[in-house]
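Order of appearance sets the numbers: ligands from 1, and atoms from 1 within every ligand.
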Amino acid sequence: MRESAFLVLCLLLTSTTSQITVASDGCQARTFGQSSTVCECNATHCDSVGLVRLPAVGNFLTFLSSQAGSRLQKEQAQVQRNSSGTALRITLVPMQKYQHVKGFGGAMTDAAAMNILSLSDGTQDQLLRQYFSPEGIEYNVIRVPMASCDFSTRLYTYADSPNDYSLLNFSLREEDVHMKIPLLQRAQALSSRPLALFASAWSAPGWLKTNGALIGKGSLKGKPGGKEHKTWAQYYIRFLDEYKKHNLSFWGLTTGNEPTAGKMTNYSFQALGFTPETQRDWIALDLGPALHSSPYAKTRLMILDDQRLLLPYWAKVVLGDIHAARYVHGIGVHWYWDHLAPAKITLTTTHNLYPEYFLFGTEACSGWNKLDPGVRLGSWERAEAYAHDIIEDLNNYVSGWTDWNLALNLEGGPNWVKNFVDSPIIVNQRSDVFYKQPAFYSMAHFSKFLWEGSQRVGVSVSQHTDLESTAFIRPDGSAVLIVLNRSDAEVTFELWDQPVGFLPAAAPPHSILTLLWARS
Ligand SMILES: *[C@@H]1O[C@@H](CO)[C@@H](O)[C@@H](O)[C@H]1NC(C)=O
Ligand SMILES: *[C@@H]1O[C@H](CO)[C@@H](O)[C@H](O)[C@H]1NC(C)=O
Ligand SMILES: *[C@@H]1O[C@H](CO)[C@@H](O)[C@H](O)[C@H]1NC(C)=O
Ligand SMILES: *[C@@H]1O[C@H](CO)[C@@H](O)[C@H](O)[C@H]1NC(C)=O
Ligand SMILES: *[C@@H]1O[C@H](CO)[C@@H](O)[C@H](O)[C@H]1NC(C)=O
Ligand SMILES: *[C@@H]1O[C@H](CO)[C@@H](O)[C@H](O)[C@H]1NC(C)=O
């Protein structure tokens, strides 16, 4: 990883001759030798999708992003009374109703906060507006790591005094008080709706663990119901108390990041191992009762927070037990190895077994695979990878999708174990600018349009197509269709919504298209 990250850095340094062009949509496009471009933003200039007004019935809006360079390019067109006769017709089937959307967002890691704060005040505001304001892409979900993870510059928890079982010395750190919390408050102030924060811990303090360290293979000492497990549950309550003092309350919690990492392998960074059985018993005996008797009884508790490859097995063990299941609301999934775990037999099977528990994407990023590591400025393939995974998840009962770091630096860090990855926003501190990657627009095609409370509905296609699509009815009754074409050919199609008419459209090669229309 070290060598490959160095290579990426060399590539970046040698690409200073890259072209700058101004597109009519305001994207300051820059190429860095990848398949597509980034849009460069500074304190005074950034392309914005802007406020989206729903057109009157009889018209519809399309938003197009493509490898060729469109970035949320908006067009208005007229709904047709008659079919255009095109072979591919996508019919909206509103009678088929599925899950409701919670939302979309990213993670405020220590690294993300440090990168954002490395910019001038004006550029920081620009970046936060891009993600959270009504003119931006309107993220409404933020994952907040509890204490350090690999995307930190040092190892710490909130209770590092040995044997502090009563958590007398529990305290938030510099990274919370001076970095993440002020940014979360600013994000909330820019947002037109309440942000849904959810917290995940990577490791318990070393003195609570079998291996005495934050990293490596280790789990809580003793047994569920014992003093280490009780203290680790109280740590969650204390975390919520401390953030509350800063006016930040949490919609959700996970039972901990990637519990298999600390169980199976000698992990090189912060991890805490649980089996599904020990997770079940810790919830039933410790975490569940602690939350229930706290002011946070309504906080949504998500189990797993790990690869969907582990479903439905993990859910069967935890949710099959009434003592644990009564405290649980959802199941968090990470996208790594999704290609090895078909969505139907993992997500949909789990939904069918436990339909009253929501499924939620809690982490995803590009550049994690050692074969294709780190930052790639302008990669369209990575935008397609996001859209493909989000559409597949949504079509298999997932109710939200959370990207990993909100912003990284040119190297894909900071990360204390040099586990560098990519992000939809890459910060160039030296020039006081940030680059909005193709993946940023990929997220936007969902986050901007699929408001909380939108409900997925059915679609029926007239013939076989490689086009990937998903459709929703929003709380105001308007409809959204999102289409991904990962092929080299343009495909024309029409959307038929019976009470409205025919919406003619074309999906250019390698494009993401969002259609938006009023139904009454
Ligand atoms: C885009 O890509 C392929 C899909 O069908 C091609 O076969 C081509 O068909 C195109 N569109 C769609 C959307 O299917
Ligand atoms: C910001 O970007 C715009 C558009 O490229 C440019 O005109 C302006 O000079 C830049 N501002 C600063 C402070 O660099
Ligand atoms: C729609 O089709 C009908 C019947 O085929 C035809 O009479 C009418 O002229 C068509 N309308 C338009 C606008 O093409
Ligand atoms: C808390 O920290 C102080 C100073 O760092 C130390 O003296 C004290 O022993 C700690 N208390 C516990 C319970 O660990
Ligand atoms: C929290 O909000 C209240 C009321 O809006 C305000 O008075 C208080 O100063 C805020 N506290 C912090 C720490 O931001
Ligand atoms: C685990 O990995 C660390 C380095 O990350 C190494 O120092 C240690 O020896 C390893 N332990 C085992 C049991 O392999």
Side-chain angles (χ1 to χ4, degrees), residues 15-32 37-50 57-60 69 71 77-86 89 91 116 118-130 135-136 147 154-174 177 204-209 212 214 221 227-228 230-232 234-235 237-239 241-242 377-378 410 425-437 440 492 494-505:
S15 61
T16 45
T17 53
S18 68
Q19 303 266 311
I20 294 200
T21 49
V22 186
S24 58
D25 64 356
C27 168
Q28 190 82 15
R30 289 197 63 174
T31 54
F32 289 89
T37 52
V38 301
C39 298
E40 182 177 298
C41 296
N42 64 19
T44 55
H45 175 89
C46 198
D47 57 298
S48 277
V49 53
V57 178
N59 296 285
F60 68 103
R71 295 291 180 266
Q78 282 189 338
V79 176
Q80 304 296 311
R81 288 261 177 74
N82 290 354
S83 169
S84 62
T86 185
R89 178 190 292 175
T91 303
I116 297 169
S118 76
L119 296 166
S120 67
D121 287 350
T123 310
Q124 290 175 27
D125 279 338
Q126 188 83 275
L127 191 158
L128 292 171
R129 276 202 303 275
Q130 284 297 316
E135 296 80 29
R154 64 191 182 109
L155 286 150
Y156 64 92
T157 75
Y158 300 130
D160 290 326
S161 307
N163 304 316
D164 185 11
Y165 286 96
S166 310
L167 300 175
L168 296 174
N169 278 353
F170 183 104
S171 67
L172 297 182
R173 302 298 182 202
E174 163 84 15
V177 178
W207 53 271
L208 284 173
K209 294 173 64 182
L214 305 194
K221 287 183 199 161
K227 69 176 178 176
E228 285 82 9
K230 291 241 173 292
T231 299
W232 185 230
Q234 281 307 317
Y235 181 103
I237 307 298
R238 286 299 308 278
F239 171 83
D241 284 342
E242 294 300 321
L377 286 176
L410 290 166
I425 286 187
I426 296 294
V427 162
N428 180 344
Q429 181 195 358
R430 204 142 50 113
S431 313
D432 193 34
V433 298
F434 59 92
Y435 304 123
K436 294 197 293 176
Q437 295 256 51
F440 175 89
T492 56
E494 64 185 7
L495 183 283
W496 186 37
D497 185 12
Q498 194 264 332
V500 179
F502 296 89
L503 285 63

Roughly how far apart are [X] [atom1] and [Y] [atom2], rounded to 0.5 Å?
| X | Y | atom1 | atom2 | value |
| --- | --- | --- | --- | --- |
| L119 | N428 | CG | CG | 9.0 Å |
| L127 | Q124 | CG | CD | 8.5 Å |
| I116 | F434 | CD1 | CZ | 9.5 Å |

Which residue and heavy atom of the protein sit nearest [atom], plus the separation:
| atom | answer |
| --- | --- |
| atom 13 (C) of ligand 4 | D164 OD1, 3.6 Å |
| atom 2 (O) of ligand 4 | N169 ND2, 2.1 Å |
| atom 3 (C) of ligand 3 | N82 ND2, 3.6 Å |
| atom 14 (O) of ligand 4 | S161 CB, 3.4 Å |

- prompt: Can the ring centroids of Y165 and W207 be said to lie less than 6.0 angstrom from one another?
  reply: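 So the answer is yes for these two rings.
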
query: Aromatic ring centroids of F32 and Y435 under 6.0 Å?
result: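 Yes, the ring centres sit under 6.0 Å apart.
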
Close N or O approach (N42, ligand 2; < 3.5 Å):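 Right, the criterion is met.
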
Using a 4.0 Å cutoff against the non-hydrogen atoms of [X], which atoms of ligand 2 qualify?
| X | value |
| --- | --- |
| Q28 | 4 (C), 5 (O) |
| T44 | 1 (C), 10 (C), 11 (N) |
| H45 | 2 (O), 3 (C), 4 (C) |

Contact bool for atom 7 (O) of ligand 4 (protein heavy atom, d < 4.0 Å):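 So atom 7 (O) of ligand 4 lacks protein heavy-atom neighbours under 4.0 Å.
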
query: Measuring to protein heavy atoms, does anything land under 4.0 Å from atom 11 (N) of ligand 3?
result: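 It does: a protein heavy atom is found less than 4.0 Å away from atom 11 (N) of ligand 3.
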
query: Do T86 and E494 have side-chain N/O donor and acceptor atoms under 3.5 Å apart?
result: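 No, E494 and T86 have no side-chain donor paired with an acceptor closer than 3.5 Å.
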
query: Does the side chain of Y158 pick up a donor-acceptor pair with the side chain of E242 at under 3.5 Å?
result: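 No pair is found: no donor N or O on one side chain lies under 3.5 Å from an acceptor on the other.
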
